[in-house]
Every structure is written in structure tokens, then in C-alpha cells.
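All ligand and atom numbering here is 1-based and tracks the order in the structure.
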Amino acid sequence: MSEHIKVLLPEDEIAVRIQELGERISADYAGRQVHLICVLKGGSFFMCELAKRITVPVSLDFMSVSSYGGDTKSCGVVRIVKDLDESLKDKDVIVVEDIVDSGRTLSYLLEVLKGRGPKSLRLCTLLDKPDRRVVNVNVDYTGFQIPDEFVVGYGLDYDQKYRNLPYIGIVEFESDTPQQAERASI
Ligand code: IMP
Ligand code: MG
């Protein structure tokens, strides 16, 4: 199926917001070091930009989790595909995610990470779709709340495509276009 991408959040707007988040995190963690955990692959673009705007000392680690399937909906079964390299013991940890949708991935992940003895554990997400929440997740830092639309870009993919778009866009599938709808109704 072919798809069209409509811009939702342009690059310059995202940059301004990430700068604000970086300043807030720097103030909140003054005098401390933050340990950022990137949830691959979607969180990678956001984490790099965010890390550059944090002025307290930063260390980084990466993990990859997978909810099965390549579709636009997460089915709630989560597994760790790549685990962290370093211990979280006594660290001030911030998990950096691309998007919180149903909340299933993050609620699972935060429980696992909490068990590893961090001094503190917070969550920072670029995007939040609150309308879609199934499992409650406490989000400490949010870039943007967005409507219930499937989005791509800035690390987010549709079937592994579009992660490299420098903006966030809504995926409009061909059958969603007015021309298609008109054709279908004839
Ligand atoms: P969850 O439903 O909160 O568990 O989100 C699971 C994962 O689904 C997210 O980390 C994203 O990788 C992916 N996801 C959710 N919504 C979108 C979207 O709109 N575009 C691309 N990926 C999404
Ligand atoms: Mg993700």
C-alpha cells in the first residue's frame, strides 16, 4: 500500500521543544550526572538531540525492545532484544522514548529497570498519544501530546521506513485520501 506523509510537527518546532526539555532536565539534575537510556530504534534521533542540550554530565546506554509484528498497533507482548551494557545501580536514570502510545512497552520496561536499583528513574518521551493509553504510565517529560494518528519521522517508522525524516508526519494511507474515498463511493 502506498502512503503519503503530512507534516504534523516541523523540524524547527521540534528543535525548540527539545531545547526546552534539555534546559528543564539540566535544572532538575543540577549537580548530578544523568544516565540516559535510549530505547532503540525510535528513541535514537531524539536522544542524540536531547543529550546535546543537557548541560550536566551525561552518560548513555541503549536497549532494544520489541512488540511482535510489523503493523501499526502494538500487541502488548514485549521482549528485550538488546539489553543495556551497564548497571543502573545508584544512577539517576532517564529513559528516552520516541512515543508512548498504549503504554504497554514503557510500563513493562520501567518495571524491569526499577528492579535494577537505580537511584532515580524517570521517563522522557518526544511524543505522547494520551487518547490511546491502555496501561497507566507516569511520563515525567513530554515533548508533544499528539492526536490519535499514526506518525513517522524523527526516529519513528512505518514498516522500518521514514525514521530519517527530520520532522514528524502523519501517515495517510492511499485509501484515506479524499480522491480514493470518492472513487470508492461511486
Ligand atoms: P506502546 O503502545 O505505548 O507500547 O508503544 C509501542 C511502540 O509502538 C512505540 O515505542 C513505538 O515504537 C510504536 N508506536 C506507537 N505509536 C506509533 C506511531 O504513531 N508511529 C510509529 N510507531 C509507533
Ligand atoms: Mg519506541
At a 4.0 Å threshold, what atoms of ligand 1 neighbour a non-hydrogen atom of [X]?
{"X": "Thr105", "answer": "1 (P), 4 (O), 5 (O), 6 (C)"}
{"X": "Ser102", "answer": "1 (P), 2 (O), 3 (O), 4 (O)"}
{"X": "Asp157", "answer": "21 (C)"}
{"X": "Arg104", "answer": "3 (O), 4 (O)"}
{"X": "Glu97", "answer": "10 (O)"}
{"X": "Glu149", "answer": "19 (O)"}

Discussion item. Would you say Thr142 and Asp128 are linked by a side-chain donor-acceptor pair, where the criterion is simply a distance under 3.5 Å?
Written reply: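 Looking only at side-chain atoms, Thr142 and Asp128 do not form any donor-acceptor pair under 3.5 Å.
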
Worksheet item: Going by atom types alone, do Arg24 and Tyr141 pair a side-chain donor with an acceptor below 3.5 Å?
Response: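 On atom types as modelled, these side chains do not qualify, holding no pair under 3.5 Å.
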
Determine whether any heavy atom of [X] lies closer than 4.0 Å to an atom of ligand 1.
{"X": "Lys129", "answer": "yes"}
{"X": "Gly42", "answer": "no"}
{"X": "Leu106", "answer": "no"}
{"X": "Val137", "answer": "no"}

Validation row: [X], [Y] side chains within 4.5 angstrom (heavy atoms):
{"X": "Val152", "Y": "Lys161", "value": "no"}
{"X": "Leu9", "Y": "Val7", "value": "no"}
{"X": "Ser59", "Y": "Gln33", "value": "yes"}

Heavy-atom closest contact ([X] atom, [Y] atom, distance):
{"X": "Asp85", "Y": "Asp61", "answer": "N-OD2, 2.9 Å"}
{"X": "Phe45", "Y": "Gly155", "answer": "CD1-CA, 3.5 Å"}
{"X": "Pro10", "Y": "Tyr167", "answer": "CA-CB, 4.1 Å"}
{"X": "Arg32", "Y": "Ser120", "answer": "NH1-OG, 4.3 Å"}

Item to complete: Check whether the ring centres of Tyr162 and Tyr154 lie less than 6.0 Å apart, and answer yes or no.
Response: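 No, ring centres 6.0 Å or more apart.
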
Does ligand 1 have a heavy atom under 4.0 Å from the side chain of [X], from its backbone, from both, or from neither?
{"X": "Leu156", "value": "side chain"}
{"X": "Arg132", "value": "neither"}
{"X": "Asp98", "value": "side chain"}

Worksheet entry | Heteroatom proximity flag, Gly103 to ligand 1, N/O under 3.5 Å |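 Yes; the residue has a nitrogen or oxygen that sits under 3.5 Å from a nitrogen or oxygen of the ligand.
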
Discussion item. Would Val151 count as being in polar contact with ligand 1, using the rule that some N or O on each side must be under 3.5 angstrom apart?
Written reply: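 Among all N and O atoms of Val151, at least one is under 3.5 Å from an N or O of ligand 1.
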
Worksheet item: So between Asp101, Val134, Ile99, Val78, whose heavy atom ends up nearest atom 13 (C) of ligand 1?
Response: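 When every heavy atom of Asp101, Val134, Ile99, Val78 is considered, Ile99 comes closest to atom 13 (C) of ligand 1.
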
